[in-house]
*Asks:* 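Below is a structure I'd like to ask you about.
The figures here come from the full heavy-atom set of this structure, side chains too, leaving out hydrogens, waters and symmetry mates. Small disclaimer: the values here were computed from a predicted structure and weren't measured. Proteins come first, then strands; the chains are lettered A, B, ... in the order of their sequence lines, and each starts at number 1.
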There are 2 protein chains.
Amino acid sequence: MLSQRGRYALKALTHLARADDSTPCQVTAIAESEKIPRKFLEAIMSDLRRANLVTSLRGKFGGYVLARPPEQIMFGDIIRATDGPLALVPCVSKNFYRRCDDCVSEELCAIRQVMASVRDEVSAILDRTSLAEAAAMAGGHPVSAE
Amino acid sequence: MLSQRGRYALKALTHLARADDSTPCQVTAIAESEKIPRKFLEAIMSDLRRANLVTSLRGKFGGYVLARPPEQIMFGDIIRATDGPLALVPCVSKNFYRRCDDCVSEELCAIRQVMASVRDEVSAILDRTSLAEAAAMAGGHPVSAE
DNA sequence: TGTCATCCTACGATTTCACTATGATATGGT
DNA sequence: ACCATATCATAGTGAAATCGTAGGATGACA
């Protein structure tokens with residue numbers, strides 16, 4: 001399961017993807033609109049900036065903008081930045097590989113082989129689905145009476 | 001990521017699937033062979049029994065046996081018993097469904113739609129891969145000098 | 001200079017994780 | 001009956017992660 005942090009990050013970033021990118025979005029606005037605790041979201045946005053998914057503008061009229069066009073920001077990138085590996089076991093992770101310290105032979109491990117195919121399928125979706133597609137999905141908030 | 005508990009459970013159960021099912025396997029033997037802390041494995045096996053994945057025999061010469069033929073025990077069953085939902089968000093879980101309390105519309109949620117397809121792919125693998133297949137995979141321990 | 005945004009450090013409460021300890025209970029052999 | 005040896009049940013422990021909150025420093029703009 002994703003952490004709350006990860007879910008909030010996805011919501012905030014799809015919010016940014018839907019927003020007009022000429023002016024930055026402010027944390028307070030995103031927090032209210034997406035029902036995310038403001039201070040918590042502040043910390044999350046800082047993480048996303050450090051992961052180069054958004055850029056920030058400080059000072060009055062500051063806020064956040066996507067670091068790249070939404071077509072180039074994948075769900076996989078976001079989840080890795082907030083929750084770490086997509087893989088179910090570290091020894092099949094491409095980005096966070098770590099050997100299982102109790103595993104005799106990686107090549108022969110039956111569990112590993114199954115988990116590797118799971119990882120491939122998950123990555124096939126999450127690394128090919130961008131914020132642009134999510135933004136286009138008519139989701140977000142049903143704009144009241146419009 | 002799976003918990004250590006979940007990884008140990010998978011290892012222990014593939015061990016059982018490979019073993020001769022006429023006599024039960026004892027926790028101590030599994031623990032040594034699979035490099036799992038004995039007391040911890042004891043607790044895990046109790047969980048697996050409560051989840052009806054294994055049956056136990058008490059007393060001397062007791063131990064554990066698979067509750068069903070290995071063809072009928074799926075990776076998905078095991079992971080759900082130890083780690084909970086396969087899904088990345090609770091609102092797309094089939095077995096552990098829970099509404100996202102901050103979600104306006106489930107049907108329109110873009111994130112949910114993506115996560116639902118991930119869940120389907122993961123389940124397609126883990127709920128169709130049985131212990132029998134894992135046991136057949138020539139993994140386990142390379143039997144020394146044979 | 002004042003306002004209002006991000007940024008940063010630190011803290012706290014709660015929960016989960018990975019085990020461990022202790023003893024009860026069941027079974028079979030002698 | 002007794003002992004060895006297995007599972008079973010409950011509880012506890014130390015470390016880490018999770019989900020936030022508090023308070024203030026820093027930067028940008030009018």
*Asks:* Does B:Asp77 reach the side chain of B:Gln72, with side-chain heavy atoms less than 4.5 Å apart?
*Replies:*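 Not in contact.
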*Asks:* Quick one: list whatever passes salt bridge (charged side-chain N to carboxylate O under 4.0 Å, His left out) with A:Glu42, sequence neighbours left out.
*Replies:*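 Scan of A:Glu42 (salt bridge (charged side-chain N to carboxylate O under 4.0 Å, His left out), adjacent residues dropped) gives A:Arg38, A:Lys39.
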*Asks:* If you compare every side-chain N and O of B:Tyr8 against the phosphate oxygens of C:dA18 (OP1, OP2), does one of them come in below 4.0 Å?
*Replies:*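 Answer no for this pair, as no side-chain N or O of B:Tyr8 is under 4.0 Å from OP1 or OP2.
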*Asks:* Enter the distance from B:Cys100:SG to B:Met115:CE here, rounded to the nearest 0.5 Å.
*Replies:*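 So the gap between those two atoms works out to 10.5 Å.
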*Asks:* Rounded to the nearest 0.5 Å, how far apart are CD1 of A:Ile73 and CG of A:Leu66?
*Replies:*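 These two atoms lie 4.5 Å from each other.
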*Asks:* Tell me, please, the opening and closing nucleotides of DNA chain D, 5' to 3', among those with an atom under 4.0 angstrom from a non-hydrogen atom of chain A.
*Replies:*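 First-to-last contact on DNA chain D, by the 4.0 Å heavy-atom rule, is D:dC19 to D:dA28.
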*Asks:* If a pair satisfies ring pair (Phe, Tyr, Trp, His ring centres under 6.0 Å) and one of its residues is in residues 30-59 of chain B, list it, with sequence neighbours excluded.
*Replies:*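 Output for this query lists B:Tyr8-B:Phe40.
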*Asks:* Give a yes or no on whether the backbone of B:Ile125 and the side-chain of B:Thr129 come within a donor-acceptor separation of less than 3.5 Å.
*Replies:*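 Side chain of B:Thr129 to backbone of B:Ile125: a pair is present.
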*Asks:* Angle, rounded to 10°, between the helical axes spanning five pairs at each terminus of the helix from C:dT1-D:dA30 to C:dT30-D:dA1?
*Replies:*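 It works out to 10° between the end axes.
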*Asks:* According to salt bridge (charged side-chain N to carboxylate O under 4.0 Å, His left out), does anything in residues 43-64 of chain B pair up with another residue at least two apart or in another chain? List the pairs.
*Replies:*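 Checked against salt bridge (charged side-chain N to carboxylate O under 4.0 Å, His left out) - neighbours excluded - the pairs reaching residues 43-64 of chain B are B:Arg5-B:Asp47, B:Asp47-B:Arg50.
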*Asks:* Do the non-hydrogen side-chain atoms of A:Ile36 and A:His15 ever get within less than 4.5 Å of each other?
*Replies:*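 When only atoms from C-beta onward are counted, A:His15 and A:Ile36 do not touch, as no gap falls below 4.5 Å.
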*Asks:* Keeping the roles fixed (side chain from A:Gln113, backbone from A:Ala110), state whether a donor-acceptor pair exists under 3.5 Å.
*Replies:*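 A pair under 3.5 Å: no.
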*Asks:* Could you run through nucleotides 1-15 of chain C and give me one letter per nucleotide, 5' to 3': B if any protein heavy atom sits under 4.0 Å from the base, S if only the sugar-phosphate is that close, - if neither?
*Replies:* --BBBBBB-------
*Asks:* In whole angstroms, how far is the C1' atom of C:dC19 from the CG atom of B:Leu41?
*Replies:*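 So the CG-C1' distance, B:Leu41 to C:dC19, works out to 12 Å.
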*Asks:* Are the side chain of A:Glu121 and the backbone of A:Val118 linked by a donor-acceptor contact shorter than 3.5 Å?
*Replies:*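 The answer is no, because no donor-acceptor pair under 3.5 Å joins these two groups.
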